[in-house]
2 protein chains.
Amino acid sequence: MLTIGKLGEAAGVKVPTIRYYEQIGLLPEPERSAGNQRLYGAKALDRLAFIRHARDLGFPLEAIRDLLSLSDRPDQSCAAADIIATEQLAAVKARIARLTALKAELERMITQCAQGTIADCRVIEVLSDHALCADDHRAQTGSGAAT
Amino acid sequence: MLTIGKLGEAAGVKVPTIRYYEQIGLLPEPERSAGNQRLYGAKALDRLAFIRHARDLGFPLEAIRDLLSLSDRPDQSCAAADIIATEQLAAVKARIARLTALKAELERMITQCAQGTIADCRVIEVLSDHALCADDHRAQTGSGAAT
DNA sequence: TCTTGAAGCTATAGTTGCTAGAGTCATTAG
DNA sequence: CTAATGACTCTAGCAACTATAGCTTCAAGA
């Protein structure tokens, strides 16, 4: 049996985060010691490691909730899991595309800056006038995490 | 003179967002009509468009605050603006690198999935066991926005 | 002129995924 | 036995908005 600190260490998750996961129902309420401290077994560690890993891959908690409930039903088709992962992949791809456009614009802006005064600073100027931009870096339909 | 709705339309910013920007001091408090409605002039539109554009490029509001106060002092060196933009570029690059790693892992995971049952679903399996991953998609030192 | 509907107002709470504090209690090493 | 660490609960805060509630004002048509 692990205390919350040991569990966190083992899974690479901070203690308040574990309590937060419990609070939102992602982890079940564990046993308690005589002194009211949480005690975890191996199953809890597996589950937490799963969550941690999925978070690392950028899955939002709601998607992880779904994946966890899928993994509890080993006999069902894995199509649903596949859909979730594919959606996550699409979200990641979209974010990369957007960030790549931003990167190009920022680079253009910075290399054009002649390091003079604000009055003729290309950075300020471009920000002031969208027309100076190469392309449209507007829309964003993001629902993904992946910080 | 523009009402808040017209201003928002002109700048491509939603009305509550404008009020929020005012609340956090990014936009000055505008004049009011006899009936207490906000009235904006051309300067407010410029400023809001600047903010919008910088947000589109992923600058966090605090950086935009700095950029705005720089643009109010046209005689100063633009080195500070350059630093802010360069930092933003670095943040964007870091996020792209991380997302690209995630993308590879997700693709690997999905293409290996044989579409059977959960019990042998590669997606669930990989999430359950970090050792099945190709590389380390762990760390993240992100302080940037760029949705 | 009256009326109706859109747009504006304030204030508060919710979103996501945690993180940080305050103040108290439990456990353990020396 | 005491002191240090760790755990407990509860609340508030972060970014950058978004949504809701309940009200007032404005513009246009009948």
Side-chain angles (χ1 to χ4, degrees), chain A residues 1-27 29-40 44 48 51-66 68 88 91 95 139-147, chain B residues 1-27 29-40 44 48 51-66 68 88 91 95 139-147:
Chain A
M1 283 297 173
L2 301 165
T3 62
I4 196 170
K6 300 293 173 192
L7 178 73
E9 210 174 317
V13 176
K14 287 181 192 150
V15 168
T17 304
I18 298 174
R19 286 196 278 247
Y20 169 72
Y21 287 162
E22 178 184 327
Q23 190 191 313
I24 63 170
L26 216 57
L27 287 176
E29 294 188 15
E31 297 179 53
R32 298 283 183 139
S33 73
N36 198 36
Q37 301 195 179
R38 290 169 179 82
L39 290 179
Y40 297 92
L48 183 56
I51 295 169
R52 167 78 210 278
H53 196 189
R55 285 295 299 135
D56 281 346
L57 284 167
F59 287 90
L61 290 181
E62 278 316 298
I64 295 173
R65 203 187 287 277
D66 294 344
L68 280 168
Q88 173 63 13
R95 291 162 69 78
Q140 137 247 22
T141 337
S143 78
T147 336
Chain B
M1 283 298 174
L2 302 165
T3 61
I4 196 169
K6 301 292 174 194
L7 178 72
E9 212 173 317
V13 176
K14 287 182 193 149
V15 167
T17 305
I18 298 173
R19 288 196 278 249
Y20 168 71
Y21 287 162
E22 178 184 326
Q23 191 191 313
I24 64 170
L26 216 56
L27 288 176
E29 294 188 16
E31 298 178 53
R32 299 284 182 136
S33 73
N36 197 36
Q37 302 195 180
R38 290 171 178 81
L39 291 179
Y40 297 92
L48 183 56
I51 295 170
R52 167 79 210 275
H53 196 188
R55 285 295 299 136
D56 280 346
L57 284 166
F59 288 90
L61 290 181
E62 277 317 297
I64 295 174
R65 203 187 287 276
D66 294 344
L68 279 168
Q88 174 62 14
R95 292 162 67 78
Q140 138 245 27
T141 337
S143 78
T147 343

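Below, chain A is the first sequence line, B the second, and so on; all start at residue 1.
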query: Would you say the side-chain atoms of B:Q88 pair up with the backbone N or O of B:L57, donor to acceptor, closer than 3.5 Å?
result: yes

[atom1] of [X] versus [atom2] of [N]: gap in Å, rounded?
X: B:Q23; N: C:dA11; atom1: CD; atom2: P; answer: 9 Å
X: B:F59; N: D:dA16; atom1: CZ; atom2: C1'; answer: 17 Å
X: B:E29; N: C:dT10; atom1: CD; atom2: P; answer: 9 Å
X: B:L2; N: D:dC26; atom1: CG; atom2: C1'; answer: 16 Å
X: A:E22; N: D:dC10; atom1: CD; atom2: P; answer: 12 Å
X: A:Y40; N: D:dC8; atom1: OH; atom2: C1'; answer: 12 Å
X: B:L39; N: D:dC26; atom1: CG; atom2: P; answer: 10 Å
X: B:I24; N: D:dG13; atom1: CD1; atom2: C1'; answer: 15 Å

Which atoms form the tightest heavy-atom contact between [X] and [Y], and what is the distance?
X: A:L27; Y: A:I51; answer: CD2-CD1, 3.9 Å
X: A:G5; Y: A:V15; answer: CA-CG2, 3.8 Å
X: A:P30; Y: A:E22; answer: CD-OE1, 3.5 Å
X: A:P60; Y: A:R55; answer: CA-NH1, 4.0 Å
X: B:L7; Y: B:A44; answer: CD1-C, 4.4 Å

Does [X] have a side-chain nitrogen or oxygen under 4.0 Å from the phosphate oxygens OP1 or OP2 of [N]?
X: A:R38; N: D:dT9; value: yes
X: B:Y21; N: D:dC17; value: yes
X: B:R55; N: D:dC17; value: yes

message: Determine whether B:E62 and B:R65 satisfy the following criterion, salt bridge (charged side-chain N to carboxylate O under 4.0 Å, His left out), listing intermediate values before the conclusion.
response: CA-CA 5 Å; B:E62 277 317 297; B:R65 203 187 287 276; 3.0 Å; yes

field: Test item: B:R32 and B:Q37 side chains (from C-beta on) under 4.5 Å apart, heavy atoms
entry: no

field: Close side-chain approach of A:Y21 to A:L61, heavy-atom, < 4.5 Å
entry: yes

statement: In numerical order, the residues of residues 3-17 of chain B whose heavy atoms come under 4.0 Å of DNA chain C are B:T3, B:I4, B:G5

- request: Name the nucleic acid region contacted by B:R19, choosing base, sugar-phosphate or nothing; use a 4.0 angstrom heavy-atom cut-off, strictly under.
  value: base

- prompt: Which parts of nucleotides 22-30 of chain C does protein reach within less than 4.0 Å, heavy atoms only, written one letter per nucleotide 5' to 3' as B for base, S for sugar-phosphate only and - for none?
  reply: ----SS---

